[in-house]
Structure formats: structure tokens, C-alpha cells
Amino acid sequence: MSTNYLIKNVSVLGGTPTDLLLQDGVIADGADAPDDAEVIDGTGLIALPGLVDLHTHLREPGREDAETVESGTRAAALGGFTAVHAMANTEPVADTAGVVEQVWRLGREAGHCDVFPVGAVTVGLQGTQLAELGAMADSAARVRVFSDDGKCVHDPVLMRRALEYVKAFDGVVAQHAQEPRLTEGAQMNEGELSGRLGLAGWPAVAEEAIIARDVLLAEHVGSRLHVCHLSTAGSVEIVRWAKAKGVDVTAEACPHHLLLTDELAATYDPIYKVNPPLRSAADVEAVKAGLADGTIDIVATDHAPHPHEDKDCEWAAAAFGMLGLETALSIVQQTMVDTGLLDWAGVAERMSYNPARIGRISDQHGRPVEVGEPANVVLYDPRATRTVDPAESASLSRNTPYRGMELPGRVVATFLRGKATVLDGKVL
Amino acid sequence: MKRHLLSAADLSRDDAELVLSTAEEMRSLADRPIKKLPALRGRTVVNLFFEDSTRTRISFEAAAKRLSADVINFAAKGSSLSKGESLKDTALTLEAMGADAVVVRHGASGAPHRLAHSGWVRSNVVNAGDGTHEHPTQALLDAFTMTRHLGALDGRRIVIVGDVLHSRVARSNALLLHTLGAEVTLVAPPTLLPVGIENWPVETSYDLDSALPKADAVMMLRVQRERMHGGFFPTAREYSRRYGLDGRRMASLQDHTIVMHPGPMVRGMEITADVADSDRSVIVEQVTNGVAVRMAVLYLLLGGSEPAVGGEE
Amino acid sequence: MPTHPQPESDGARVVLDDRDIVRALTRISHEILERNKGADDLVLLGIPSRGVPLAQRIAERIASVEGYDVPVGSLDVTMYRDDLRLKPARALLHTEIPAGGIDGKVVVLVDDVLFSGRTIRAALDALNDIGRPKAVRLAVLVDRGHRELPIRADFVGKNLPTSLVERVKVTLAGIDDADAVTIQGVVQ
């Protein structure tokens, strides 16, 4: 018999304080609490639905020096996530039913949060031949999100076929929008600064051209499309236009694209090297506005662990990517909530309901914090502050760009189907 | 405290003028029977070259030796981007050898910056050319050469022609010459000018013929034929016709105007042989001045308990 | 720089005025000629900054007496100083060796104040890298004592006994407002 939790005086989505009972994996009325329920004082805390990340790199199999399913999901739980989608660019690539089932099983064994593997669109992410998408969809892992993330499905014919093919099992293609020829050797956002620093530029148009093409393709074949880590003002405009036109497109923004700008590249410290690159302040504002008005549907972390040696080097030699799971909610609070752009209900939409809907896991995740719903709940203290110390991260890697920054908020507890994965800010 | 020379932007006008006046003294050494000064006795200067550049390496080596420093040449070609010995491990090795200054040439923009600011080494770092970023001592020797021929550079018109996009020489010169009060015009086909150049403190032009008559100095940049394959221009012939300096164009220059090139030249591409070998050409003198300027930089960084010039921190 | 409480100055006292300096340089010029038995093979090298105009003035006087222009140059000793590493890197001053060089010549080093002798030691080292003079002599406007090395001047404008805390300042028209040697006592 698992522990039941009575959370007293907690504010659901910032509303009037109430009591929540988490009993037998389900949310129940606090008034019905049994005497042996463990009581948690929820005063000052906000209850949010368990967060869902549509874009995480867990690195296993292949790069267990950077992250494992166990360590990555531990970090996820600490960040308030109850479900993560694990990207396919592992070694071997998650392009067969065997690999996705392995990742799915590792997630279940770790038990920190649910792991939903993303399947590769093309064999080996090579962009030439479709992977066995149906086999992955039919596997125990029930894959619904397919992505070559890290690489763009740039061949328009292949992209069209993928968009069409996944309709058979209600899948979605999550596109990493990066025109490869326009970004050969690219190192940072193309602008005045890239010219000054002598770092090869990564033009906004390289992202926008692919998004524009793909929304037209999605419309043409009547499929749904998801745009990964949208980072430019122009991309926001294109998605806004496509949605107005009725195209079935969804889009995500990463926490770092809500806060950090390309000016940080002037340090030549590759901790700020990421794909897509940090953009201009104007882009950051446009992405925030797009997230606020619903053009951008979700926040996804693009949590990308890299071992120390892949960042402790010259910029051009360094790997792309930054950690994100443990800081995502704080960054969203700082950039979207504290600025008045979103309320907590809006955060729940963008970090739980919408990603669950896109990933087709809404039967278990991304459900409201209401009586009768699965007890996937985060308790969050928005008034706490903390200074980010990479050494404290649960991730095996340390490549957080927020090192030393003071961020608002703290995940106090995370519950997965009524079982505490995090209590008092610590993994159980 | 100022410890490194990573970018021409690290130099204030006073700093730059101090380097140039010091270089003037260093240059007179060439006329003496004993071409050696004791200023850096017991100091160790490491030339850390991740890219082949015999000229720059020899120039720094001669400069350090004429100041009585011990010189260690470390050629680590090829390991910059491969997973061989990393920049960091190399730096730690040099630190263990007791390097006082590291002169670094690297294919990656910002590598000297990393070397200076990552806590890997305590040495003074001198950027001897990093990727497509900067080459500050080249800009100093160019400014020194111009000053010898033109006097103070205030209001002087300097035209820099060629592959600005990939040129560390152009970047450093644009910054330094602006600091020294010169008016810089960068001339290139639009494909070889970086995005955002309208915010640099320079003029730009696509038309070489209109820029030449007003110039006090013309600096031709090397254009690698490989750029042709990148589609930056259609053919070498078309590039030379539009942006090469030949005898006909040289005739439109003012009498006092000098012609410069950082080397190595691609004769027949950006500059014709008759121009390169003409009386206006100061290309050979640039090499001589390079040693004096690098002596000045090394002396001002290493000659005392702390540097007299340089960048941040 | 360590910060000490700024001692109060008791005011500068002029020990040589412009006329005294003219007389001293005239005397030094004659002594140089006497010692050298004429102006042949003489080269005057001033140590910057104030040794250089002093060397030029001596050369002018020699020219007026002998009708012969003695080569005059300047010799910067910065890089030869034994305290080079003790202070931040210093700007170099101008060195100019006259066209005839110094090999086989009688070089007269000219400086404003002779104190510890370390500048002259550095100058001798600098000369060593430039050539091999037949002889090296030293002319100074003021010798204030307190030598730390076995060095003495051959020609002295004025011997000026000082205490270590006092400061001797030479000003010369051309560089400064006017010719004067002043001494500044310091009250602790």
C-alpha cells in the first residue's frame, strides 16, 4: 500500500488555497483524507499538473558518460516533470522498435518519470530513407512523436512522405528546422556580432525557410507538424500565419531562447553554444510574445547534456547544447510569469496540457489538477530563489548556461501517479 | 591590470601610440652591430601555432630573440578541431614548462580568448591570428608602416580591398586604424562583406575604381581561390578584373599613396606583379616592420612587473 | 604604489640658477677639451630626457671654442636598468647614435644628476651593445652623492651634499619653463 499524501492549503494554478488528497494514484477530495495520510503543508505553494517535456536528450544508449535515462529522469523529476520525450539521436539511433523499447524500459526501471521515446524519422538520422515508423508506433513504447532532431529532414520529398505516413497512427513529425546548406560550419546567430567575432553566422532564414516549407507541406498533405525549438521572430510570424490559415502546426520554444541572447557569444565560452543558436534580444521578445499569445504552444527544454571536455575547449570545437530540465520552470517564471505575460494556468497549458496533447499521451499526462484525475502533480514555491550551482545538478553533465545566476522558484515536490518522486526538493 | 593582446579593440589610442613609438625605437636596432637587447632575459615566450604560418612565427621568434627571451616553438598543426591533444592540454603543458607569454595562432576564432580567460594558463597571451577573427599585431605593423610613410594617421584615407568576410587582418585593421583616427573604406564584392558591417566604424564600397583616387594607402587582402568554390564570386578572372590592383588602377592613385599586402600574395589574383614590385609597394618593408612591432608588443607586455598595454583584466 | 602620507614640503630651494648652470656647463666643456686635448674623436651621448639638451649645450660651447661640431646623440638605458622587472613596463626613450658610431671614440656620457650610479651602470651596458669606444667619460650637472656602485663622474657641475629624503630636480629651458636646479627638503 503506497503512501497517501494530504497537501493542505495549496494554491492550484495560483487559485484559492485548498486541500488536495493524492490517494491510490488519483487526486481526491482533501476532506476525505484518511488518518494515516502524510500531511504536506502547502502554504505558499502552487500546485501544477506534472510537467511534460516534448524534447529531452537522455543520451542513453551510447553516451552514458553524458547522461543516462536514470540520471536524466532524476533531473526531470527535480524540475517538476512527470513525463519526458527522449530524442532519437542516441548511439545507436532510436530508429527501430528495439531501441525505443529499450529506452522505454529503462525509463520504467528508473521510475523517476515516464519516458516516451521519440523515434527517428529516417534511418540513422541520415535523411535518405524512412525508418520503420510503424514498427516503433506499434511497439511497447507506443511512439507517436518522430524526429531527426539534431538534423533537419531537409529533403522535401522525404519530409512530405513522413508527414503523410505518420497519419496512419496519429503520429507527428517534429522538425528540427535548419537548412543545412545555409548553416554549413555555422557557429552562432548571424548578425553584427558574428561578423565582429569572426564566428560563422547562422542566419534566421535558415530556420524560417524550412518552417515555411513545412507548414505548406503539412497543409498540402493534411498532416500535423510540430516545430522544434523555434528561435526567431520570423519563425513566430510564419507559425502565426500558418495557424491563422488553419494549418495543423504546433511549435515549441526553449527556456534559453526566452532569456539568453547572442551577446553571450562574445565571451567565446561554449557553454553558450547551442543549436539553434541564442538569438538577438528582438528575437527573444518575439518568442516570448508568441508563447504568450499561443502561437507557440509549448515550452520544451531541449535538455542536451555534454561531458566537460566537449565544452572546455575553443568555441568551434565545442558541442552544441545546454542543460534545461532542472531550470525550465524557473526560467519560465522569470521570463513569462513575473513579467505578466502568462499566469500559472497558462504555464500549465504550455508545459503540461499542450505537450501531452501533441505527444498523444493525454490519457495519462497533462491532465488538470482535479478530483478524479491521475495524481501527477508538482508543488512549486514561486517565492523561493536559488543560485544555480552546476555541481548540484542531478544530470551527469554540468553544461548549464545559468551557472551562478539567481533564479526564482523551487520545485518542492513532484508526484507521479500519486507516488512522490521528489519531496522537499530531493529525489526519493 | 592589462595582460593580453587579443584584439585590436583592446588598445586605446594611447596604448596604440605607445606600441608604435616603442616600435620606432626597436626598429633602429636593425642598424646596430649587436641586434639584441636584454629586456626579456630569462623570460620564456612560446610560439603556439595550430596553423601553418611560417612568416608570422618567424617574425615573433626573431622579435623575442632580439629581446633576449628564450623561445619555444610549438607546432600543433591539425589538432585544433580533431580530437587529438586539446587546446587546453597543450596550454597546461606550456604552463608546466614555465611560459611567460604564449603567442597563439589558431584556426578557431576566439581560441586565444579562451586561452587567456579559462584559467588554463597564467601567461600573457598574444593573438597571432585566430580563425576569421583578428590579427592585432598585423594591424599594428600595418599602422606602423603607414605612419612611417604618411605621418600621423588622423584623417588619412585607408582603403582595404578583398575578402573582408574571412579576413582577420581586415577586422583588426578596421578597429585599430579607426582608433588612430584614420578613415577606413572596405572594398569587396557584397558576398565577401560580413552581415552587420554597416555598424562598423568604416565606409564600405563595392567599387574599387571610385575608392582609389582618394586613398593614402591601399591594402590588398589575399583572396583564396577556394572561395570561388563557395560561390563568393564566379571566377578568379572576374574577381581580378573587378577587385584586383593592376598597373592601370595604380595609375589613378595619388603620388604619395602606398600599396600594402599582408602576404602571402596571390600574384595575378588580387595584385599584379608590376604593382607588387613597384616603388609604391611597401610589402617587403611590412615584413621588416613586423619584427619591430612584435618586439614592442612583447616588451610592453613582459618587460616590467606588469604590462604597459593590452586588454582586459 | 604604496600610499604613504604625503610629507609636507618645506618649499623648493634653488641651488643653481640659470646663470650658475651656464657657468657650470662652460666649465665642463673646457674641462672635457682639456682632458681630451681637443675635440678629436669626441662623441657626446646624453641620457634622456635631460641629459640630451645638456649634451647639446656642451657641444655648442665646444663648437664656439674649437670651431668644430662634436657629434651628439642620445642613449636610452631603460632596457638595461636593473630594476626593469620591479615596475610596470616603461616606455622607451629615444636612442640616437651619431653617424660615425662610437668605435674607437671617446664617449662622454652626459646626465643631469648622478645619484646611486645605477643609471650609468646601465648606460655602460648599453654602450657595450653598440660598440667599443676608446674611452668612456661621465659628465653630470649635479653630483648629489649616495653612490651604490663604484662609479664616479669625470666632470661635475656642482657637488651637492644631500640627505636621502631630499629630492633634487633639474629643469631646463626647452623641456621645462626655465633653467634651474632645486632641492626639495622633506619634513616627516
Side-chain angles (χ1 to χ4, degrees), chain B residues 1-5 11-12 14-45 63-69 100-101 124 126 144 292-293 295-311, chain C residues 1-3 43 45-52 55 71-105 107 109 118-134 136 149 175:
Chain B
M1 200 174 85
K2 303 161 175 179
R3 298 192 48 219
H4 310 293
L5 179 58
L11 299 168
S12 67
D14 283 350
D15 287 338
E17 285 174 350
L18 179 58
V19 173
L20 298 184
S21 66
T22 305
E24 192 62 53
E25 291 304 315
M26 296 297 186
R27 198 180 192 279
S28 68
L29 191 70
D31 306 328
R32 298 198 200 152
I34 298 176
K35 294 175 180 46
K36 212 166 178 81
L37 292 165
L40 300 188
R41 213 163 49 197
R43 302 277 206 202
T44 300
V45 174
K65 284 182 169 169
R66 285 183 183 181
L67 290 170
S68 306
D100 294 296
N124 303 80
V126 178
F144 181 72
V293 162
M295 286 174 75
V297 167
L298 290 174
Y299 167 71
L300 292 169
L301 284 177
L302 290 180
S305 56
E306 57 188 68
V309 293
Chain C
M1 281 286 287
T3 53
V43 174
L45 290 182
I47 297 174
S49 45
R50 287 180 183 74
V52 178
V72 183
S74 65
L75 180 67
D76 177 43
V77 303
T78 305
M79 283 189 280
Y80 295 84
R81 287 191 182 277
D82 57 9
D83 62 350
L84 191 63
R85 299 288 168 78
L86 302 179
K87 299 178 186 173
R90 277 164 277 189
L92 300 182
L93 301 167
H94 190 50
T95 293
E96 179 145 16
I97 303 302
I102 61 168
D103 285 348
K105 303 289 173 63
V107 170
L109 295 171
R118 288 176 191 268
T119 300
I120 303 306
R121 203 264 329 146
L124 292 171
D125 281 355
L127 278 183
N128 207 30
D129 282 353
I130 292 169
R132 186 178 182 280
K134 185 163 74 185
V136 181
L149 292 171
I175 298 181

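Lettering follows sequence order; numbering is per chain, from 1.
Nearest heavy atom pair, residue B/S305 against residue C/P88, reads OG-N, 3.1 Å. Heavy atoms only, all atoms of each residue included: C/D129 and B/K36 are closest at OD2-O, 3.5 Å. The two residues C/A89 and B/P307 come nearest to each other via the heavy atoms CB-C, 4.4 Å.
For the set C/E96, C/R85, C/H94, C/R81, the entry with the most heavy-atom pairs within less than 4.5 Å of chain B is C/R85. For the set B/R43, B/E24, B/R41, the count of heavy-atom pairs under 4.5 angstrom toward chain C peaks at B/R43.
Side-chain contact between C/T78 and B/E25 is absent, with no heavy-atom pair separated by less than 4.5 Å.
For C/K134, the salt bridge (charged side-chain N to carboxylate O under 4.0 Å, His left out) test picks out C/D41, with sequence neighbours left out.
Neither the backbone nor the side chain of B/K35 comes within contact range of chain C; no heavy atoms are under 4.5 Å apart. For C/L84, the parts lying under 4.5 angstrom from a heavy atom of chain B are both the backbone and the side chain. If you measure heavy-atom distances from B/L67 to chain C, the contacts under 4.5 Å come from the side chain alone. With a 4.5 angstrom heavy-atom cutoff, C/N128 touches chain B only via backbone atoms.
In this structure a side-chain-to-backbone donor-acceptor pair under 3.5 Å is missing from B/Y299 to C/A91.
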